[in-house]
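Below is one structure, written out as structure tokens, with a few remarks after it.
The figures here come from the full heavy-atom set of this structure, side chains too, leaving out hydrogens, waters and symmetry mates. These numbers come from a predicted model, not from an experiment.
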2 protein chains.
Amino acid sequence: MNLKQLSELLGLSQTTVSRALNGYPEVNEATRERVLQAVKETGYRPNKAAQRLATGKAGSIGLVMPTAPGHQSDVHFGEFLAGLGEEAVRHDFHFVIMPADPDDEVAALRRLAISGNVDALFVAYMRGHDPRLAMLKSLSMPYVVHGRSFGSEPDYPYLDIDNEGAFYDATRLLLQLGHTRFALMNGPMHLDFAIRRKNGVISALAERGLTLEDGCTSHALMTDEQGLLAMEHFLQLPERPTAILCSSTVLALGAIRAVNQAGLRLGEDISLIAHDDVLPLLKPESFSVPLTTTRSSLRAAGVRIAQRLIGTVKQAGPFPDQELWKTELIVRASTGPVPQA
Amino acid sequence: MNLKQLSELLGLSQTTVSRALNGYPEVNEATRERVLQAVKETGYRPNKAAQRLATGKAGSIGLVMPTAPGHQSDVHFGEFLAGLGEEAVRHDFHFVIMPADPDDEVAALRRLAISGNVDALFVAYMRGHDPRLAMLKSLSMPYVVHGRSFGSEPDYPYLDIDNEGAFYDATRLLLQLGHTRFALMNGPMHLDFAIRRKNGVISALAERGLTLEDGCTSHALMTDEQGLLAMEHFLQLPERPTAILCSSTVLALGAIRAVNQAGLRLGEDISLIAHDDVLPLLKPESFSVPLTTTRSSLRAAGVRIAQRLIGTVKQAGPFPDQELWKTELIVRASTGPVPQA
DNA sequence: AGTGGCATCCAAAGCGCTTTCAATTGTGTA
DNA sequence: TACACAATTGAAAGCGCTTTGGATGCCACT
């Protein structure tokens, strides 16, 4: 059932039927009723591809999903998607997801944009000096970046959390508890948030004349295995750190396993603060020793970005171009005073 | 840059250029080279919406993502998606994801199908007597169901794991260890896998003349909180069960917390077997007491379903219509002989 | 010389929708 | 009565691509 058939069935022109369906004012109310009724009876649905072709809009937002054989799926991605979805469903928007090798993200993003399948783009996993920014700017398609790109002019639309502030505050808390030997368990080095978090730690330490040793920084994928490995490494350093900052509760999960295996007590021998994206599976309060965290909901960020993206497409603007969300520092039991030597 | 412009630039007809690009044999090799060269220089990409409109194919598979405010995102969904993506990226396929309220899945699926945006459908979260099957059959669009629908004629293409067999085997193992008081911590009652797993448990118990008490069965969303609640409930039953079957490592996560909180020892006071979807965050061997599990990789299932779906669209068939994967029973430390009373 | 076959190429007709421009009718006004 | 004007409706031109059904040369072959 297509427009033509429907209009013939009604004895109307395609024009009028189309207008009736799309809420144009110049069609008689009685006629519109008749059309709506027929739609209900026949189950007619406009062909989106044709609509897209004719209007240039399709009610969809595009995103790239990094994937590869062996590439571990990322809980953060799923959680974020849930946020986007929560908002999208309210506006009858859908997603077009382009799976891509992590090394091929720029090209994948371009393909997605040019494909004509999407109205707006969502971009994540931002890196320092991210090459995608230049491409996005040349594209004349709305987009919002989740995160920022360290080293690039901040003249693009983004939503980010204050990563530097979060880790600055966390470090200060640990300093106040008397800790002097710090370690940072971070995400991959090229990622923007990792850079900023590290800076936060460094500048808080610097205020006390302390530095972050190279051996006390790990950069790795945010999986629990990597957390375990990193912590095992930290624990066998001659000057074992007593204060650990951790870029994700996922990493913390592994890290804590290492602490337990070493027979140490979290919150006493070792203090740990992790960043909490509010993942459903990893509630900080559910850890055997509840975790002190810097918190910011990834899902909420997804909702917000979807709002901005969809709003822009629908021209329901204007939206703030750049948002920086503060994180909350929530103190639980995994932090305590530095142990007496 | 579109086909018309490109062809004018080359002094060729759109027809020839189109053929050159799509590998038709009747175009001169020299011409094809010239076209390919021009494409490279201009960065021309065909408009997918137009291609879709003209051919009816778009290189995409559609799926519905259940979502709602407060609807907890599902790790299983993300992991499965990773599997689909791993295969899709090899064929330059993408996904169209339609977020939908869990109560609205049938309608969402229909919208997705009729939209003309997808070539094939993937359907999950199957229920007993699932109403989507009838709709899918009427659709003349390829689809594969992940799971099955208990109570419906099994005449649709699916990939499922042997849920009943898995839980039958798991129950048998516990029976051999001498357990007689069982509890089942299951997924939502209306879901197909939950029905079959329960049946597996019941039939293994029946062979020994045992039954599964109503109070010893919980049906709930597969979150760790629910696991905790269910286990707390089991533990305060007058005839406390000693053997727990658990539909997911996610549930097990909470369940074990409850066991610990009660001061009981897993694998001694309480034996537990969980179904392991091979989620990256929840490795059974990483639990403080490594978990005995029935295992089947969700991600591998995603890869396989993508293969079938894409293969069918590309007419690279034929594919088996129905696949039933066996699970592995892997014995670790969470199961032990029944404790002496 | 006449014919058929092959290799290339093109014009034009859709695919299903939106939207511009125009036509038709009925109504109020001069 | 004649005319401007609002209210409705349609015909047809795209959107950018694929594909059918010819064209056009050019060659070998009878």
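- With values rounded to the nearest 0.5 angstrom, A:Arg111 atom CZ is found 11.0 Å from B:His94 atom NE2.
- Residues of residues 17-25 of chain B having a heavy atom closer than 4.0 Å to DNA chain D, listed by number: B:Ser18, B:Arg19, B:Asn22, B:Tyr24.
- Using a 4.0 Å heavy-atom cutoff across all strands shown, A:Thr15 reaches at least one base atom of the nucleic acid.
- Under the 4.0 Å criterion applied to side-chain N and carboxylate O atoms, A:Lys137 and A:Asp155 are assigned as salt-bridge partners.
- Between A:Glu79 atom CD and B:Gln72 atom CD the span is 8.0 Å, to the nearest 0.5 Å.
- Here D:dA23 presents its C1' atom at 16 Å from CG of B:Leu12, a figure rounded to the nearest Å.
- The CD atom of B:Gln37 sits 8.0 Å away from the CD atom of B:Glu33 when rounded to the nearest 0.5 Å.
- Taking 4.0 Å as the cutoff to heavy atoms of chain B, we find the contact window on DNA chain C bounded by C:dT8 to C:dG16.
- Comparing A:Lys4 and A:Glu26 by the nucleotide of DNA chain C whose heavy atom lies nearest to each, the residue mapping closer to the 5' end is A:Lys4.
- To the nearest 0.5 angstrom, A:Tyr125 atom OH is 9.5 Å from A:Phe193 atom CZ.
- B:Leu3 places its CG atom 6 Å from the P atom of D:dT18, with the value rounded to the nearest Å.
- Counting only distance, with no hydrogens or angles, the side chain of B:Ser18 and the backbone of B:Gln14 share no donor-acceptor pair below 3.5 Å.
- Look at A:Arg148 and A:Asp160 and you find a salt bridge, because one of the NZ, NE, NH1 or NH2 atoms lies within 4.0 Å of a carboxylate O, short of that distance.
- Between A:Arg308 and A:Glu323, at least one side-chain N (NZ, or NE/NH1/NH2) sits under 4.0 Å from a carboxylate O, which counts as a salt bridge.
- Rounding to the nearest 0.5 Å gives a distance of 10.0 Å between CG of A:Leu109 and CG of A:Leu63.
- Taking the six-membered ring wherever Trp is involved, the centroid distance between the rings of A:Phe80 and A:Phe122 falls below 6.0 Å.
- Within a 6.0 Å sphere centred on CZ of A:Arg45, heavy atoms belonging to other residues, nucleotides or ligands number 12 at most.
- Side-chain N/O atoms of A:Thr16 include none lying less than 4.0 angstrom from OP1 or OP2 on D:dT9.
- Taken residue by residue, residues 37-54 of chain A places heavy atoms nearer than 4.0 Å to DNA chain D at A:Leu53, A:Ala54.
- Applying the 4.0 Å criterion to OP1 and OP2 of D:dT19, one finds that B:Thr55 has every side-chain N and O outside that range.
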